[in-house]
Student: 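Before anything else, here's the structure in question.
Every number for a ligand or one of its atoms is a count from 1 in the order of the listing. Position 1 is the first residue of the sequence, and the numbers go up from there.
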Amino acid sequence: MIKGSSVRTATHPIDKLFLDRWSPRAMSGGAITDGDLRVLFEAARWAPSSYNSQPWRMLYARRDTPQWPLLFDLMVEFNQAWTKNAAALVLFVSRETFEHNGKPAPTHSFDCGAAWVSLALQGELKGYVVHGMQGFDYDRAKTALDIPAGYRVEAMAAIGLPAPKETLPPEMQAKEAPSDRRPLAEILCEGKFAW
Ligand SMILES: Cc1cc2nc3c(=O)[nH]c(=O)nc-3n(C[C@H](O)[C@H](O)[C@H](O)COP(=O)(O)O)c2cc1C
(Lines give C-alpha, C1' and ligand atoms only; values in the text may rest on other atoms or scores of the structure.)
Protein backbone atom coordinates (compact mmCIF):
# COMPACT_ATOMS: atom_id res chain seq x y z
CA MET A 1 0.00 0.00 0.00
CA ILE A 2 1.29 3.49 -0.83
CA LYS A 3 2.16 5.39 2.32
CA GLY A 4 0.50 8.81 2.21
CA SER A 5 3.74 10.41 3.41
CA SER A 6 5.47 9.32 0.22
CA VAL A 7 3.36 11.79 -1.80
CA ARG A 8 1.97 14.24 0.75
CA THR A 9 3.91 17.03 2.41
CA ALA A 10 2.89 18.79 5.60
CA THR A 11 3.51 22.50 6.00
CA HIS A 12 4.38 22.01 9.66
CA PRO A 13 6.20 19.03 11.18
CA ILE A 14 3.38 16.63 12.18
CA ASP A 15 3.86 12.95 12.86
CA LYS A 16 4.14 10.86 9.70
CA LEU A 17 1.10 8.85 10.79
CA PHE A 18 -1.26 11.71 9.86
CA LEU A 19 0.06 11.78 6.31
CA ASP A 20 0.33 8.03 5.95
CA ARG A 21 -3.37 7.40 6.67
CA TRP A 22 -5.45 7.80 3.56
CA SER A 23 -8.46 6.11 2.02
CA PRO A 24 -7.59 3.53 -0.62
CA ARG A 25 -10.39 1.52 -2.22
CA ALA A 26 -8.27 -1.41 -3.38
CA MET A 27 -8.63 -4.28 -0.93
CA SER A 28 -7.41 -7.83 -1.42
CA GLY A 29 -10.43 -9.74 -0.15
CA GLY A 30 -8.31 -11.20 2.65
CA ALA A 31 -9.78 -11.64 6.11
CA ILE A 32 -8.93 -9.70 9.25
CA THR A 33 -8.39 -11.71 12.42
CA ASP A 34 -10.82 -11.18 15.22
CA GLY A 35 -7.86 -10.11 17.35
CA ASP A 36 -6.82 -7.35 14.96
CA LEU A 37 -10.41 -6.19 14.54
CA ARG A 38 -10.68 -5.88 18.32
CA VAL A 39 -7.47 -3.83 18.38
CA LEU A 40 -9.04 -1.32 15.98
CA PHE A 41 -12.25 -1.16 18.02
CA GLU A 42 -10.22 -0.81 21.20
CA ALA A 43 -8.54 2.29 19.77
CA ALA A 44 -12.00 3.76 19.11
CA ARG A 45 -13.02 2.91 22.66
CA TRP A 46 -10.29 5.14 24.10
CA ALA A 47 -11.37 8.27 22.24
CA PRO A 48 -12.15 11.33 24.37
CA SER A 49 -15.74 12.55 24.73
CA SER A 50 -17.75 15.17 26.53
CA TYR A 51 -18.34 14.05 30.17
CA ASN A 52 -16.59 10.82 29.09
CA SER A 53 -20.05 9.88 27.84
CA GLN A 54 -18.66 7.66 25.04
CA PRO A 55 -21.75 8.12 22.84
CA TRP A 56 -20.38 6.08 19.93
CA ARG A 57 -21.74 2.65 19.11
CA MET A 58 -20.19 0.46 16.43
CA LEU A 59 -22.16 -2.22 14.59
CA TYR A 60 -19.95 -4.41 12.47
CA ALA A 61 -20.02 -7.32 10.08
CA ARG A 62 -17.23 -9.48 8.74
CA ARG A 63 -17.39 -10.71 5.15
CA ASP A 64 -18.84 -14.19 4.61
CA THR A 65 -20.95 -14.06 7.74
CA PRO A 66 -24.74 -13.85 8.12
CA GLN A 67 -24.32 -10.26 9.37
CA TRP A 68 -22.48 -9.05 6.23
CA PRO A 69 -25.55 -8.40 4.02
CA LEU A 70 -27.16 -6.35 6.81
CA LEU A 71 -24.49 -3.70 6.32
CA PHE A 72 -23.37 -4.38 2.75
CA ASP A 73 -26.89 -4.01 1.31
CA LEU A 74 -27.19 -0.48 2.73
CA MET A 75 -24.48 0.93 0.52
CA VAL A 76 -24.82 2.65 -2.85
CA GLU A 77 -23.65 0.68 -5.86
CA PHE A 78 -20.40 2.65 -6.15
CA ASN A 79 -19.34 1.74 -2.63
CA GLN A 80 -20.45 -1.88 -3.02
CA ALA A 81 -18.23 -2.19 -6.09
CA TRP A 82 -15.07 -1.86 -3.99
CA THR A 83 -16.17 -2.83 -0.47
CA LYS A 84 -17.06 -6.30 -1.74
CA ASN A 85 -13.37 -7.01 -1.08
CA ALA A 86 -13.35 -5.54 2.42
CA ALA A 87 -12.81 -7.77 5.42
CA ALA A 88 -15.26 -5.93 7.65
CA LEU A 89 -17.80 -3.13 7.58
CA VAL A 90 -18.60 -0.89 10.51
CA LEU A 91 -21.57 1.39 11.09
CA PHE A 92 -20.95 4.23 13.54
CA VAL A 93 -23.95 5.41 15.53
CA SER A 94 -24.04 7.93 18.35
CA ARG A 95 -26.36 8.50 21.27
CA GLU A 96 -27.99 11.92 21.11
CA THR A 97 -28.58 12.43 24.83
CA PHE A 98 -26.44 12.04 27.92
CA GLU A 99 -27.13 8.92 29.93
CA HIS A 100 -26.48 10.73 33.23
CA ASN A 101 -29.21 13.39 32.84
CA GLY A 102 -31.14 12.63 29.63
CA LYS A 103 -30.32 16.07 28.21
CA PRO A 104 -29.24 16.60 24.59
CA ALA A 105 -25.54 15.95 24.13
CA PRO A 106 -24.32 18.74 21.83
CA THR A 107 -21.10 16.94 20.92
CA HIS A 108 -22.29 13.37 20.34
CA SER A 109 -21.39 13.45 16.65
CA PHE A 110 -18.09 15.21 17.35
CA ASP A 111 -17.22 12.54 19.93
CA CYS A 112 -18.17 9.74 17.53
CA GLY A 113 -15.89 11.33 14.94
CA ALA A 114 -13.04 11.11 17.42
CA ALA A 115 -13.73 7.39 17.82
CA TRP A 116 -13.82 6.86 14.05
CA VAL A 117 -10.50 8.57 13.46
CA SER A 118 -8.87 6.68 16.32
CA LEU A 119 -9.96 3.46 14.65
CA ALA A 120 -8.70 4.68 11.27
CA LEU A 121 -5.29 5.66 12.62
CA GLN A 122 -4.92 2.38 14.50
CA GLY A 123 -5.83 0.57 11.30
CA GLU A 124 -3.10 2.44 9.45
CA LEU A 125 -0.59 1.51 12.15
CA LYS A 126 -1.52 -2.16 11.77
CA GLY A 127 -1.30 -2.10 7.98
CA TYR A 128 -5.02 -2.16 7.18
CA VAL A 129 -7.01 -0.01 4.80
CA VAL A 130 -9.74 1.89 6.66
CA HIS A 131 -12.09 3.92 4.46
CA GLY A 132 -14.99 6.04 5.75
CA MET A 133 -18.32 6.15 3.90
CA GLN A 134 -21.47 8.23 3.77
CA GLY A 135 -22.72 6.60 0.59
CA PHE A 136 -25.39 4.40 2.09
CA ASP A 137 -29.05 4.59 3.02
CA TYR A 138 -29.26 6.24 6.45
CA ASP A 139 -32.99 5.58 6.92
CA ARG A 140 -32.71 1.94 5.93
CA ALA A 141 -29.73 1.52 8.30
CA LYS A 142 -32.02 2.38 11.21
CA THR A 143 -34.65 -0.17 10.34
CA ALA A 144 -32.37 -2.94 9.05
CA LEU A 145 -30.21 -2.82 12.16
CA ASP A 146 -32.91 -2.09 14.77
CA ILE A 147 -31.38 1.25 15.76
CA PRO A 148 -33.73 2.89 18.24
CA ALA A 149 -34.83 6.52 18.38
CA GLY A 150 -32.28 8.67 20.17
CA TYR A 151 -29.33 7.38 18.18
CA ARG A 152 -27.96 9.13 15.11
CA VAL A 153 -26.54 7.11 12.26
CA GLU A 154 -23.20 8.80 11.56
CA ALA A 155 -21.15 6.97 8.94
CA MET A 156 -19.82 3.63 7.81
CA ALA A 157 -16.27 2.40 7.34
CA ALA A 158 -14.73 -0.43 5.39
CA ILE A 159 -11.69 -2.24 6.78
CA GLY A 160 -9.57 -4.44 4.57
CA LEU A 161 -6.18 -5.66 3.55
CA PRO A 162 -4.40 -3.54 0.97
CA ALA A 163 -4.20 -4.56 -2.68
CA PRO A 164 -2.61 -3.08 -5.83
CA LYS A 165 -4.76 -0.37 -7.46
CA GLU A 166 -4.79 -2.41 -10.67
CA THR A 167 -7.33 -4.71 -8.97
CA LEU A 168 -9.91 -1.88 -9.13
CA PRO A 169 -12.18 -1.02 -12.07
CA PRO A 170 -10.38 1.50 -14.37
CA GLU A 171 -12.47 4.53 -13.29
CA MET A 172 -11.55 3.90 -9.65
CA GLN A 173 -7.88 3.34 -10.43
CA ALA A 174 -7.66 6.93 -11.64
CA LYS A 175 -8.80 8.21 -8.22
CA GLU A 176 -6.66 5.82 -6.16
CA ALA A 177 -4.16 8.28 -4.66
CA PRO A 178 -3.73 10.18 -1.40
CA SER A 179 -5.39 13.60 -1.63
CA ASP A 180 -4.09 17.00 -0.55
CA ARG A 181 -5.60 19.44 1.91
CA ARG A 182 -6.59 23.12 2.02
CA PRO A 183 -3.91 25.39 3.46
CA LEU A 184 -4.21 26.16 7.17
CA ALA A 185 -5.08 29.79 6.37
CA GLU A 186 -8.39 28.60 4.87
CA ILE A 187 -9.48 26.73 8.00
CA LEU A 188 -7.93 28.69 10.83
CA CYS A 189 -8.28 32.19 12.21
CA GLU A 190 -7.21 33.79 15.44
CA GLY A 191 -10.35 35.19 17.02
CA LYS A 192 -13.55 35.91 15.10
CA PHE A 193 -14.81 33.95 12.11
CA ALA A 194 -13.12 35.63 9.17
CA TRP A 195 -14.29 33.88 6.02
C1 LIG B 1 -17.38 10.40 6.90
C2 LIG B 1 -16.76 10.04 5.59
C3 LIG B 1 -17.55 9.64 4.53
C4 LIG B 1 -16.98 9.24 3.32
N5 LIG B 1 -17.78 8.72 2.33
C6 LIG B 1 -17.21 8.09 1.28
C7 LIG B 1 -17.99 7.29 0.41
O8 LIG B 1 -19.20 7.12 0.57
N9 LIG B 1 -17.36 6.68 -0.62
C10 LIG B 1 -16.02 6.80 -0.85
O11 LIG B 1 -15.51 6.20 -1.78
N12 LIG B 1 -15.25 7.56 -0.01
C13 LIG B 1 -15.80 8.19 1.06
N14 LIG B 1 -15.02 8.88 1.95
C15 LIG B 1 -13.59 9.07 1.72
C16 LIG B 1 -13.22 10.53 1.54
O17 LIG B 1 -13.55 10.93 0.23
C18 LIG B 1 -11.73 10.75 1.86
O19 LIG B 1 -11.51 10.48 3.22
C20 LIG B 1 -11.30 12.16 1.54
O21 LIG B 1 -11.34 12.42 0.17
C22 LIG B 1 -9.90 12.45 2.06
O23 LIG B 1 -8.97 11.57 1.49
P24 LIG B 1 -8.04 10.61 2.35
O25 LIG B 1 -8.89 9.92 3.39
O26 LIG B 1 -7.48 9.63 1.34
O27 LIG B 1 -6.99 11.44 3.01
C28 LIG B 1 -15.57 9.31 3.16
C29 LIG B 1 -14.78 9.74 4.22
C30 LIG B 1 -15.34 10.10 5.42
C31 LIG B 1 -14.45 10.50 6.57
Student: Tabulate below the donor-acceptor pairs under 3.5 Å that side-chain atoms of residues 188-195 make, not counting sequence neighbours, or state none.
Tutor:
from: W195; atom 1: NE1; to: E186; atom 2: O; distance (Å): 3.3

Student: Among all protein heavy atoms in this structure, tell me which lies nearest to atom 1 (C) of ligand 1, with the distance rounded to 0.1 Å.
Tutor: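 For atom 1 (C) of ligand 1, the nearest protein heavy atom is A155 CB, 4.1 Å.
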Student: Taking all non-hydrogen atoms of both residues, which atom of V93 and which atom of C112 are closest, and how far apart?
Tutor: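 Smallest interatomic distance, heavy atoms only, reads O-SG, 4.0 Å.
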Student: Show the atoms of ligand 1 that are less than 4.0 angstrom away from any heavy atom in F78.
Tutor: 11 (O)
Student: Inspect the contact between K3 and E124 and indicate whether a charged nitrogen and a carboxylate oxygen are less than 4.0 angstrom apart.
Tutor: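 Salt bridge: yes.
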Student: At a non-hydrogen distance cut-off of under 4.0 Å, which region of V76 contacts ligand 1 (side chain, backbone, both, or neither)?
Tutor: neither
Student: Could you tell me whether ligand 1 has any atom less than 4.0 Å away from a heavy atom of F136?
Tutor: no
Student: Please check if the number of heavy atoms outside Y51 that lie under 6.0 Å from its OH is greater than 12.
Tutor: no
Student: If you take the nearest heavy atom of each of H131, M156, R21, R8, which one is closest to atom 10 (C) of ligand 1?
Tutor: H131
Student: Provide the number and element of each atom of ligand 1 under 4.0 Å from a heavy atom of N79.
Tutor: 7 (C), 8 (O), 9 (N), 10 (C), 11 (O)
Student: Which residue from S23, G132, P178 reaches closest to atom 13 (C) of ligand 1 through any of its heavy atoms?
Tutor: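 The option holding the nearest heavy atom is G132.
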Student: Salt bridge check, D180 against R8: does any charged N sit closer than 4.0 Å to a carboxylate O?
Tutor: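 Here R8 does not pair with D180 in a salt bridge, since their nearest N and O are not under 4.0 Å apart.
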Student: For atom 31 (C) of ligand 1, what is the nearest protein heavy atom, given as residue, atom name and distance?
Tutor: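 It is W116 CZ2, 3.9 Å.
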Student: Output every pair passing ring pair (Phe, Tyr, Trp, His ring centres under 6.0 Å) with a member in residues 137-191, not counting sequence neighbours, ordered by first then second residue.
Tutor: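 Qualifying pairs, neighbours excluded: F136-Y138.
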Student: Would you say E154 contacts ligand 1, with heavy atoms under 4.0 Å as the rule?
Tutor: no
Student: Is there a protein heavy atom at a distance of less than 4.0 Å from atom 28 (C) of ligand 1?
Tutor: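 True for atom 28 (C) of ligand 1.
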Student: What pair of heavy atoms forms the shortest contact from E176 to K165, and how long is it?
Tutor: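 That closest heavy-atom pairing would be CG-CB, 3.6 Å.
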Student: Looking at atom 5 (N) of ligand 1, what's its closest protein heavy atom, distance included?
Tutor: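 Going by distance alone, atom 5 (N) of ligand 1 is nearest to Q134 N, 2.8 Å.
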Student: Could you check whether atom 16 (C) of ligand 1 has a protein contact, counting only heavy atoms that fall below 4.0 angstrom?
Tutor: no
Student: Would a line drawn from the ring center of H108 to the ring center of W56 be shorter than 6.0 Å?
Tutor: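 Judged by ring-centre distance (under 6.0 Å), H108 and W56 do not meet the cut-off.
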Student: Note the single closest protein heavy atom to atom 23 (O) of ligand 1, along with its residue, its atom name and the distance in Å.
Tutor: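 Looking only at protein heavy atoms, the one closest to atom 23 (O) of ligand 1 is S179 OG, 3.0 Å.
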Student: Any nitrogen or oxygen of R25 lying under 3.5 Å from a nitrogen or oxygen in ligand 1? Just yes or no.
Tutor: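 Yes; the residue has a nitrogen or oxygen that sits under 3.5 Å from a nitrogen or oxygen of the ligand.
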Student: Check the pair D73, R140 against salt bridge (Lys or Arg N to Asp or Glu O under 4.0 Å), reporting the backbone distance first and the verdict last.
Tutor: CA-CA 10 Å; D73 293 352; R140 208 145 49 78; over 6 Å; no
Student: Are any of the N or O atoms of G135 closer than 3.5 Å to those of ligand 1?
Tutor: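 It does: an N or O of G135 is found under 3.5 Å from an N or O of ligand 1.
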Student: Does E77 CD have over 12 foreign heavy atoms under 6.0 Å away?
Tutor: no
